[in-house]
Amino acid sequence: MDSACWLSPAVLRRLIELPAPVLSRHQLKRLEEHRYSSAGRSLLEPIMQRYWEWLVCHMPVWLAPNLITVVGLATNIFTTLVLVYYCPTATEQLGTNPDWMFFCCFAGMFMFYCAHWQTYVSGTLRFGIIDVTEVQIFIIIMYLLAAVGGSAFWQALIPVLNIPMKIVPALCTFVGAVISCTNYFRVIFTGGVGKNGSTIAGTSVLSPVLHIGSVIVLAMMIYKKSAIQLFEKHPCLYILAFGFVSAKITNKLVVAHMTKSEMHLHDVAFLGPGLLFLNQYFNSFIDEYLVLWIALVLSLFDLVRYCVSVCNQIASHLHIFVFKIKPPTSGAAQ
């Protein structure tokens, strides 16, 4: 069999799609009834709204919102990879303060998860004064400062306070996490729209904590118990490996909200962190760095397969395209 057969569309489709449908017929039926609901306005949203409206008017009419989102994601990935390439150990920023770096990265994952957790509980996506738009602009500013000032900028001491500049983003993350989580958990504990204050799916409002809690606990245990300082020496790989797991369970939470269904704890996404944990439990008989790479590949592969499978299944059920909008037929236009 020649190599062309291995790279055929059918083979690639089987490789990147799950063998069984992710969503049941009942979930797809409830998905048809889903209506997007949001509330609140962030600090910079009124200003950015003008730019967004102007930009949308210059986009082709066939361009689906999904494609715009993916282009934005690709931009974030590319700029982050540039930073990782030039700073693989992150020592120029918070790499010399591993506890702070761990907190900042996993606090970000936790807050993003909590935003959709409270949506799963209340049925409405609520935006705070400081939200995703402000965080994105804050990250852009940090990248620009890193590009202009280099590592010396982050090492410089702030007058009077006598602390390095690199601690400022960490402190901002801490303050933002406290404010955001206070608002999120106020909704989670009091805003359930299901029976007896339960989630939109009728489950306990605390049930989603098991998923993100498992990710953070495993990440913390492996970080602290590593004999070779796995996180300190390879922070980018470590954060990516657990970030893919966090992304998978957050996507599952979004789907659970849209389909009004329960989130199950067992998930292949935990295979990578589980391998790292078991390897440490048996005194790291396999090189931890190698296991980290295996966990990274497994987590990324699982995330891609899940996202592709869900998107294709939803698109097929609703008779739509994922990345483009079908032009209206003449009959529909009339």
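Atom set for the values below is all heavy atoms of this structure, side chains included, hydrogens, waters and symmetry mates excluded. Throughout, residue positions are numbered sequentially from 1 according to the sequence presented.
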_Quick check: H116 with F112 (ring centres under 6.0 Å apart)?_
yes
_For a 4.5 angstrom cut-off between non-hydrogen side-chain atoms, does I163 reach L171?_
yes
*M258 side chain near L253 side chain, heavy-atom distance below 4.5 Å*: no
*Indicate yes or no for a side-chain donor-acceptor contact from T119 to the backbone of G123 under 3.5 Å, with no hydrogens or angles considered.*
no
*Under 4.5 Å between any side-chain heavy atoms of F242 and P273, yes or no?*
yes
*Does atom NZ of K252 have more than 12 heavy-atom neighbours from other groups under 6.0 Å away?*
yes
*Between H317 and E32, does a side-chain hydrogen bond (donor to acceptor under 3.5 Å, both in side chains) hold up when you go through it step by step?*
CA-CA 9 Å; H317 179 75; E32 296 176 7; 2.5 Å; yes
*Heavy-atom count around Y36 OH within 6.0 Å, excluding the residue itself: above 12?*
yes
*Is any side-chain heavy atom of H257 closer than 4.5 Å to a side-chain heavy atom of L125?*
no
*Identified side chain to side chain donor-acceptor pair (under 3.5 Å) partner of R186 from the options N183, T182, T190*: N183
_With rounding to the nearest 0.5 angstrom, report the CG to CH2 distance, L240 to W293._
8.5 Å
_Member of F185, F189, F110 meeting the ring-ring contact (aromatic ring centres under 6.0 Å, His included) criterion with W117_ = F185
_Has D267 got a side-chain atom pairing as donor or acceptor with A269's backbone, closer than 3.5 angstrom?_
yes
*Tell me, yes or no, whether the heavy-atom count around H34 atom NE2, taken from other residues, nucleotides or ligands under 6.0 Å, exceeds 12.*
yes
*Would you check if the distance from the ring center of F106 to the ring center of F102 is below 6.0 Å?*
yes
*asked:* Just by distance, no angles: are the side chains of S261 and T259 close enough, under 3.5 Å, to form a donor-acceptor pair?
replied: yes
*Look only at the side chain of E262 and the backbone of A201, and say whether a donor-acceptor pair between them is shorter than 3.5 Å.*
no
*Is the backbone N or O of R126 less than 3.5 Å from a side-chain atom of T124, with the two atoms forming a donor-acceptor pair by type?*
no
*Do V178 and F174 come within less than 4.5 Å of each other through their side chains, counting heavy atoms only?*
yes
_Would the distance check show the side chain of D302 and the main-chain N or O of S299 forming a donor-acceptor pair, the cut-off being under 3.5 Å?_
no
*With a 4.5 Å limit on heavy-atom distance, are the side chains of Y223 and Q229 in contact?*
no
*Rounded to the nearest 0.5 Å, what separation is found between the SG atom of C307 and the CG atom of N251?*
4.0 Å
*Answer yes or no: is there a donor N or O on one side and an acceptor on the other, between the side chain of S316 and the main chain of N312, under 3.5 Å?*
no
_Joint hydrophobic cluster, M220 plus L276, side-chain heavy atoms closer than 4.5 Å_ = yes
_Test item: side-chain donor near acceptor, E134 and S42, under 3.5 Å_ = yes
*Heavy-atom side-chain proximity of V121 to V193 below 4.5 angstrom*: no
*N/O donor-acceptor pair under 3.5 Å between S207 side chain and T203 backbone*: no
*So if you build clusters from Ile, Leu, Val, Met, Phe, Trp, Tyr with side-chain heavy-atom gaps below 4.5 Å, do V84 and L237 land together?*
no
*With rounding to the nearest 0.5 Å, note down the distance linking CD1 in I212 to OH in Y113.*
6.5 Å
_Could you check whether any side-chain heavy atom of K225 comes within less than 4.5 Å of a side-chain heavy atom of F277, counting everything from C-beta outward?_
no
*asked:* Under a 3.5 Å distance rule, please check whether S226 uses its side chain to pair with a backbone N or O of I222 as donor and acceptor.
replied: no
_To the nearest 0.5 Å, what is the distance between CD1 on I130 and CG on L44?_
7.0 Å
